[in-house]
There are 2 protein chains.
Amino acid sequence: MPETSPRKPSSIDVARAASVSQATVSYVLNGKSAGLVSDETRERVLAAARKVGYRPNSLAKALLKGRTNTIGVFVSFLGSRYHADIVLGAQEVLEEHGYSLLLTASETDHKARASRISFMMNHRVDAILLVGGFYEDMTQPLCLNEAVAERLPCVVVDDAYAHSTVDCVVSDDSQGLALAVNHLKSFGHSRIAYLPAPWKGTTADARINGYIRAMTAAGLDVMPELYAPPAGAGDEIANLALELLRQPNRPTALIAANDHMLGYTVRALRELNLSTPDDVALVGYGNQEIAMVMELTSVDQQPRLMGKSAALRLLARLEQGDMPHQTIQTPVKLVVRASTVGEAQP
Amino acid sequence: MPETSPRKPSSIDVARAASVSQATVSYVLNGKSAGLVSDETRERVLAAARKVGYRPNSLAKALLKGRTNTIGVFVSFLGSRYHADIVLGAQEVLEEHGYSLLLTASETDHKARASRISFMMNHRVDAILLVGGFYEDMTQPLCLNEAVAERLPCVVVDDAYAHSTVDCVVSDDSQGLALAVNHLKSFGHSRIAYLPAPWKGTTADARINGYIRAMTAAGLDVMPELYAPPAGAGDEIANLALELLRQPNRPTALIAANDHMLGYTVRALRELNLSTPDDVALVGYGNQEIAMVMELTSVDQQPRLMGKSAALRLLARLEQGDMPHQTIQTPVKLVVRASTVGEAQP
DNA sequence: TTGTATGCGTTATCAC
DNA sequence: GTGATAACGCATACAA
């Protein structure tokens, strides 16, 4: 057994085993042997490659070609199904085109972000995909400064930057709120409250504005006292919802900025002995697992679609670098469940 | 502006800019200039590197050194918070040691797995981390065949293989069930049912066996009629739970193989007008988000810990290749909530 | 039809 | 202290 060398077999080893030159091996293994290498030699090379256990070295190839076919993916919070789905959607498209993902998930660590991006650039990724809101009030996420300066294609998903130097992909919050409002209106609701998200950023703004626009467009009065400032953890949200629903002329319907908050709201409703959807109809946002389990109507942002859309944009930019940067809005859809149309629940 | 060349500046460019040789640049930039390079030269090199925007090329280094400092991570289902947490835990440890993650998530696509692993090997990853159960009745996951054959270090998280040729990390299901059973027993329960998982594999088996052992050890009768065969989707689980709870001498407590199933069970309980925890106490498994929202007592598998443990094992094996393969069990903990100790809920 | 030579960007071993 | 030079594995222009 030639178990002495821990080195992996290279194309030179294959060449030796097949008694040909290394160039011939390269031709054969890359399918460029048409009318160049004799069938007999071709077979001999293929057999030799199999015999020595040859495995092409992507590193060497990348070094030579100047591109790695690798996309650096930076996820702000991998633990959410939503972000994970975006990544999966992007992966599906990118792998189809021969790219693989160099992924890093950073949760809260602010300083480490730029350093991780820098690391990816050292690895010579062909482009960078940023997944998840970073909610900085700038023209681009701070951690992308170096990347943008070095003209590396960048796409940001789930956070839109004004006058951007990067491409952005966000789901259409305006459409989402319109779907929610119109759905409720079609069931006769007019006093529709909105429970905003407990975080700041372009997405939060887009949803509040979407709510206001949709209400106005539907000819309904915006209820300013009802979109209270966002609270923190679960119990506080429940309390906020309680307050909202104890008001003299309380809303007959409630739209929450995410399903998670709505989960706590359901608890609050029980305490007040209000039934859903008869007393208060509920629409969530995000169509998370909890919406399925608790039978909540919710706006599905179709994160996989967002990921795919971002990937396609990335591919386009890789082919043709000098395009104007744009913000792409992807469609959402309303998933109707018992919290708006079901039999009443105690 | 020298904007003509799209080529990135190399250490040679730095050398030219600093009027030194390329080797000197290498010494300075790798901190090996102690007593070798004059301070004055050192400064000049550093300044030149900054000026030309030098960025070391990991590919070239990897090609030369024969190691990429990259770990291939293969996740069977990234969409779950549980798997994501395992990845995050592993990432934390690995990045601390200078490794980065080449990640691929495959959901159901069976055939593509081996091909993705092969791709990682072409990229010359230093090791492979498999996250998520693959539930094949073998000595190792099929997609690792090539990797094992080529002696690449492999660690599998969340699925244990008997007489394994790889290292495995699983959370201690035996301990988890024991914690659950003893917790319930301490509240006077003796008729404790177990609702098994709707999937097969080593984990499912370990939990059922853990239940039986824990019950026996606690001096309680195992209730064979209560661990019915697993059902499929949500409604079926709810029906199964309904059946279980309609029995003449129904259990006073129920342990579910995961929180998700318990979510549906709660629905079933409401239909029967049974209260929690007075009529039936509930313990879930996994401590998912839904357990938090629905106030369910649950066994936390501490997935981050699992990830860290796997990463440490990987690092150990990278330092010293010839160790016997082992299966590591990581500790779990019980998170107590209202479904076992709270005021009764209607 | 096949073989030779070169360079991608590093690091490391030598002479100078 | 410093500067050539080799090697890592591959693709390709060019010579034979």
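Chain A is the first sequence line, chain B the second, and so forth, proteins listed ahead of strands; every chain is numbered from 1.
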Q.
From C-beta outward on A:Val37, which listed nucleotide comes closest to its side chain: C:dT2, C:dT10, C:dA12?
A. C:dT2
Q | Phosphate OP1/OP2 of D:dC8: any A:Asn57 side-chain N/O under 4.0 Å | A | no
Q.
Given the structure, check if the side chain of B:Gln22 and the base of D:dA4 hold any donor-acceptor pair shorter than 3.5 Å.
A. no
Q: Looking at every strand, decide which applies to A:Ser26 at a 4.0 Å heavy-atom threshold: base, sugar-phosphate, or nothing.
A: base
(Q) Between P on D:dG9 and CZ on B:Arg124, what's the gap in Å once rounded to a whole number? (A) 8 Å
Q. Of all heavy-atom pairs between B:Glu95 and A:Arg116, which one has the smallest distance, and what is that distance?
A. OE2-NH2, 2.8 Å
Q | Below 4.0 Å: OP1/OP2 of D:dG1 and any side-chain N or O of B:Thr24 | A | no
Q: For A:Ala23 and for A:Leu64, locate the closest nucleotide of DNA chain C by heavy-atom distance; then report the residue assigned to the nucleotide nearer the 5' terminus.
A: A:Ala23
Q | Nearest-angstrom distance from the residue atom CG of A:Asp13 to P of D:dC8 | A | 10 Å
Q: Return no unless some side-chain N or O of A:Ser11 is found under 4.0 Å from OP1 or OP2 of D:dC10.
A: yes
Q.
If we ignore hydrogens and angles and just use 3.5 Å, is the side chain of A:Arg44 paired with the main-chain N or O of A:Ala18 as donor and acceptor?
A. yes
Q: Using distance alone, with no hydrogens and no angle criterion, decide if A:Gln326 and A:Asp167 have a side-chain donor and acceptor under 3.5 Å apart.
A: no
Q.
From NZ of A:Lys8 over to C1' of D:dC10, roughly how many Å is that when rounded to an integer?
A. 16 Å
Q: Remember a base hit wins even if backbone is also touched, and classify B:Val20 as base, sugar-phosphate or nothing at under 4.0 Å, heavy atoms.
A: sugar-phosphate
Q: Return the orientation label for the A:Phe77 and A:His83 ring planes: parallel under 30°, perpendicular over 60°, tilted otherwise.
A: perpendicular
**Q.** Length of the line joining B:Leu59:CG and C:dT10:P, which is rounded to integer Å
**A.** 10 Å
Q | Donor + acceptor pair across side chains of A:Ser115, A:Ser118 (<3.5 Å) | A | no
Q: Round to a whole Å and report the spacing from NZ of A:Lys65 to P of C:dG9.
A: 15 Å
Q.
On DNA chain D, compare the nucleotides closest to A:Lys32 and B:Leu63; which residue's is nearer the 5' end?
A. B:Leu63
**Q.** Atom-pair distance (CG on A:Leu29; C1' on D:dG9), nearest Å
**A.** 13 Å
Q. Between atom CG of A:Asp85 and atom CG of A:Leu305, what is the distance when rounded to the nearest 0.5 Å?
A. 11.5 Å
Q) To the side chain of A:Ser38, which of D:dC10, C:dT10, C:dT2 is closest? A) C:dT2
(Q) Does B:Thr41 reach a base, just sugar-phosphate, or nothing at all? Heavy atoms under 4.0 Å. (A) sugar-phosphate
**Q.** Nearest-Å distance for atom pair NE2/C1', residues A:His123 and C:dG9
**A.** 14 Å
(Q) If you go through the side-chain atoms of B:Tyr27, does one of them form a donor-acceptor pair with the base of C:dT10 closer than 3.5 Å? (A) no
Q: Pick base, sugar-phosphate or nothing for B:Arg42, based on heavy-atom distances below 4.0 Å to the nucleic acid.
A: nothing
Q.
From CZ of B:Arg67 over to C1' of D:dG9, roughly how many Å is that when rounded to an integer?
A. 19 Å
